[in-house]
Amino acid sequence: MSVAQRERAALIAALREVGPDAPTLCAGWDARDLAAHLMVREYRVDAAPGILIPRFAGHTARVQDDVAEHTDWDVLVDKVAAGPPLYSPLKLVDSVANVAEMFIHHEDIRRAQPNWEPRTLDADLAGRLRRTLGMMGRLTLAKMPARVQLRTPDGETLLVAGRGPAVTVTGAPQELLLFATGRLAQVDFSGDAAAVKAVQDAPKGL
C-alpha cells in the first residue's frame, strides 16, 4: 500500500467515525461536502477543472452540491475509499498527487473536532509532505505581503516566498504545509507585528 493509499484509508476512517454532518475546517463544508469534493475531484472529469480554474468554479460547485445532496453517505464514502477510477487522470499519479490532498483533508476533519491532538507521522508520510511543501508553497505563498521564510524548529529553512518585510514561520514540515494551504497549523511567527498579522490574514491557496 502506497503512502497516499494509507493516508486515504486514514481519512476514510475519520469520515466514517464523525459522520456526514460533522464540521470541517473547510469554510462552509461539513463532512458530506468534503467527501463530495473528493468524489467530484476524482470521478467527475467534466467538473474537476473548476477546483483549480476560477472560470469553471461555478459549475464545479453546482455539481458538488448535487453530489452531496443526492448521493447516499455510505456510497459516497465508498467511492472516495476506492480511489480514482481507471478513466481519471489522477489514477496514474495517485501515489504522487494524492498524498498531500488526503493528508490536508484528513486534518480538515480531525482538527475541526473537539480535543484534537497532532498526529505522530510515519517517516514516509512526513518525508513526502516535506517534499510537497517545496512545490506547493511556492504557489500558495507567492503573493504574500512579506518575505516569508518557512523554517523547522531545528533552524532549517525549507522555503522562502513573497516580498516585503521578513516574517519567519516555524513548525514541523507538515504543519508548515497546513499553514501554506490556509489551514489551522501549529506554527510560530516572528517578525514585525504588522507584517506577521498581514501574513496571517492573507489568503493562501491555489
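Throughout, residue positions are numbered sequentially from 1 according to the sequence presented.
One finds the CD1 atom of Ile12 at 10.0 Å from the NE2 atom of His106 (value rounded to the nearest 0.5 Å). Note that the CG atom of Leu34 and the CG atom of Leu76 stand 10.0 Å from one another [nearest 0.5 Å].
Hydrophobic cluster membership is shared by Val196 and Leu178, with clusters built from Ile, Leu, Val, Met, Phe, Trp and Tyr side chains linked at under 4.5 angstrom. Criterion: ILVMFWY side-chain heavy atoms under 4.5 Å apart, direct or through other members. Under it, Val160 and Leu158 are not part of a common hydrophobic cluster. When the side chains of ILVMFWY residues are joined at heavy-atom separations under 4.5 Å, either directly or via intervening members, Val18 and Leu25 end up in two distinct hydrophobic clusters. Taken together through direct or relayed side-chain contacts under 4.5 Å among Ile, Leu, Val, Met, Phe, Trp and Tyr, Val199 and Val187 form part of one hydrophobic cluster. Cluster membership for Val40 and Tyr87, using ILVMFWY side-chain heavy atoms within less than 4.5 angstrom, is shared.
In this structure, Val63 and Arg44 approach most closely via the heavy-atom pair CG1-NH1, 3.5 Å. Contact detail for Ala100 and Thr132: the closest heavy-atom pair is CB-CG2, 3.7 Å. When all heavy atoms of Pro118 and Arg110 are compared, the closest pair comes out as C-NH2, 4.4 Å. Here the closest heavy-atom approach between residue Ala180 and residue Gly137 is recorded as CB-CA, 4.4 Å. When all heavy atoms of Ala4 and Met102 are compared, the closest pair comes out as O-CG, 4.2 Å. Of all the heavy atoms in Gly83 and Tyr43, the pair that sits closest is O-OH, 3.3 Å.
Under the side-chain contact (heavy atoms from CB on, under 4.5 Å) rule, Asn98 has a single partner from His105, Arg8, Glu7, Gln5, which is Arg8. Among Asp108, Leu176, Leu133, Ile104, the single residue meeting the side-chain contact (heavy atoms from CB on, under 4.5 Å) criterion with Thr181 is Ile104.
Within the 4.5 Å cutoff, side-chain heavy atoms of Asp124 are placed close to those of Arg6. In this structure, the side chains of Pro145 and Arg163 stay at 4.5 Å or more apart for every pair of heavy atoms. The shortest distance between side-chain heavy atoms of Cys26 and Arg183 falls below 4.5 Å. Two residues are said to be in side-chain contact when any heavy atoms from C-beta on lie closer than 4.5 Å; Ser190 and Thr168 meet this criterion.
Residues that satisfy the side-chain hydrogen bond (donor to acceptor under 3.5 Å, both in side chains) test with Asp66, not counting sequence neighbours, are His70. Scanning for side-chain hydrogen bond (donor to acceptor under 3.5 Å, both in side chains) contacts around Lys197 gives Asp201, with sequence neighbours left out. With sequence neighbours excluded, the residues forming a side-chain hydrogen bond (donor to acceptor under 3.5 Å, both in side chains) with Arg111 are Glu107, Glu175, listed by chain and number. With sequence neighbours left out, Phe179 forms a ring pair (Phe, Tyr, Trp, His ring centres under 6.0 Å) with Phe189.
The salt bridge (Lys or Arg N to Asp or Glu O under 4.0 Å) contacts involving residues 12-40 comprise Arg16-Asp78, where partners must be two or more places apart or lie in separate chains. Note on residues 146-159: pairs passing salt bridge (Lys or Arg N to Asp or Glu O under 4.0 Å), not counting sequence neighbours, are Arg130-Glu156.
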List the steps, then state whether side-chain contact (heavy atoms from CB on, under 4.5 Å) holds for Leu121 with Phe103. CA-CA 10 Å; Leu121 305 185; Phe103 170 77; 4.0 Å; yes
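Panel note: side chain Ser88, backbone Glu42; a donor-acceptor pair is recorded below 3.5 Å. Judged by distance alone, with hydrogens and angles left aside, the side-chain atoms of Arg138 form no donor-acceptor pair with the main-chain N or O of Leu159 at under 3.5 Å. Side-chain N or O atoms of Lys79 include none that pairs as donor or acceptor with a backbone N or O of Leu38 at under 3.5 Å.
Annotation for Arg119: atom CZ counts as buried by contact number, over 12 foreign heavy atoms lying within 6.0 Å.
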